[in-house]
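The chains referred to below are lettered A, B, ... by the order of the sequence lines, with proteins before strands, and numbering in each begins at 1.
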Amino acid sequence: MRLATWNVNSLKARLPKVLDWLEYAQPDVLCMQETKLADAAFPTMPFAGLGYEVAHHGEGRWNGVAIASRVGLGEVSQGFVSGPGSADGPDEARLVTAECAGIRVSSVYVPNGRSLDSEQYPLKLAWLERLRTDLTSGLSPETPIAICGDFNIAPEDRDVYDAAKFVGATHVSEAERSALRALTDWGLADAFRCVYPHEGKLFTWWDYRAGDFHNHRGMRIDLVLVSPPVREAVRYALVDREARKGLGSEAPPSDHAPLFVDLDWAIGPASS
DNA sequence: ATGGTAGCATCGCTA
């Protein structure tokens, strides 16, 4: 089973590239973030044409998350479903969860945080804490779980191109990394790190500006977090940098590259 | 130190 995540930065602008990538990379499940679409505007037909069912949670102009699956899609929930303060906070489409081939898959788009002195920064930390309680309360780590998406956190200094340039910046602060550790302490593992335990400077996002992609100035902020039964099944993972390139007259790329994780996992017949 | 780019509900905001 190939499980992928990709912040597409507008599915409307990126649809041809996403469809090309589905045909080329053949993921069984693709989690998307920043679709920037309302639910009614989601292009269901071209996904169905490639054999994918889709669960989407969108609001229109910003955010928007989706899960496309060709191995079954059930028990869909949009947004937070439980936990304290579930009625609080801004109504932003940043979480959708569905069961795919026996794995509880979530597509998440963690708030950016903007800067440490922004009012958005504590909201990011609160959102992460709420994500933890929502996705883990009442569950055993032995439940097959995969939380996939744009976490807007680089877990370690080796996950940014130059740690010195990020001192005092968001995405690398101790509080953000601690919020991420709360998830891993519960039992979730960074699947990419399971495959590349020693490497550094392997990124999933590069700023559009100043030739950052070409100059290898990026960050690893897109993650697939897996519970122990899924971790046991991890065989391979890759960031597809080809998809971050703008090729000739094609549509321009997202500023994120897709990450996929290959699992030795029984898919079984597709069901819905 | 600044600015660099992209998407959008575009002349301001988000990333």
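A sub-4.0 Å separation between OP1 or OP2 of B:dC8 and a side-chain N or O of A:S10 is present. For B:dT14, one of the phosphate oxygens OP1 or OP2 lies less than 4.0 angstrom from a side-chain nitrogen or oxygen of A:R114. Between A:R61 and B:dC13 there is no side-chain N or O to OP1 or OP2 distance below 4.0 Å.
Here A:R14 lies in heavy-atom contact (under 4.0 Å) with sugar-phosphate atoms only. Among the atoms of the strands shown, only primed sugar atoms or phosphate atoms (P, OP1, OP2) are found under 4.0 Å from some heavy atom of A:Y109.
One can place CZ of A:F213 at 17 Å from P of B:dT5, the figure rounded to the nearest angstrom. If you take CE of A:M219 and P of B:dA15, they are 14 Å apart, rounded to a whole angstrom. When the P atom of B:dA15 is taken as reference, atom OH of A:Y121 falls 16 Å away, rounded to whole Å. Atom CG in A:L15 sits roughly 15 Å away from atom C1' in B:dG7 (whole-Å rounding). The separation between A:L37 atom CG and B:dT14 atom P is 19 Å, rounded to whole Å. For the pair A:D150 CG and B:dG7 C1', the computed distance is 15 Å after rounding to whole Å. The nearest whole Å value for the distance from the CG atom in A:N215 to the C1' atom in B:dT5 is 14 Å. Whole-Å rounding puts the A:K36 NZ to B:dC13 P distance at 16 Å.
Listed nucleotides B:dA15, B:dA9, B:dG7 differ in distance to A:P252; the shortest reach to its side chain belongs to B:dG7. Nearest to the side-chain atoms of A:N9 among the listed nucleotides B:dA15, B:dG7, B:dA9 stands B:dG7.
For the P atoms, the distance from B:dA9 to B:dT14 is 15 Å, rounded to whole Å. Using atom P as the reference point in both B:dA6 and B:dA1, the two lie 27 Å apart (nearest Å). Separation of the C1' atoms belonging to B:dA15 and B:dG4 is 14 Å when rounded to the nearest angstrom. Taking the C1' atom of each, B:dT5 and B:dT10 are spaced 15 Å apart, rounded to whole Å.
A single hydrophobic cluster is not seen to contain both A:Y208 and A:F166; linkage of ILVMFWY side chains at heavy-atom distances under 4.5 Å, directly or through other members, places them apart.
Contact check for A:F192 versus A:V239: side-chain heavy atoms found under the 4.5 Å cut-off. Within the 4.5 Å cutoff, side-chain heavy atoms of A:V71 are placed close to those of A:V29.
What you find for A:V65 and A:V108 is that their closest heavy atoms are CG1-C, 4.3 Å. In plain terms, the two heavy atoms of A:M1 and A:A101 that are nearest each other are SD-CB, 4.1 Å.
In terms of position along DNA chain B, the nucleotide closest to A:G60 lies nearer the 5' end than the nucleotide closest to the other residue of the pair A:G60 and A:H256. Judged by closest nucleotide on DNA chain B, A:Y208 is the one of A:T35 and A:Y208 placed further toward the 5' end.
A side-chain contact (heavy atoms from CB on, under 4.5 Å) with A:I221 holds for exactly one of A:D150, A:I153, A:N7; it is A:D150.
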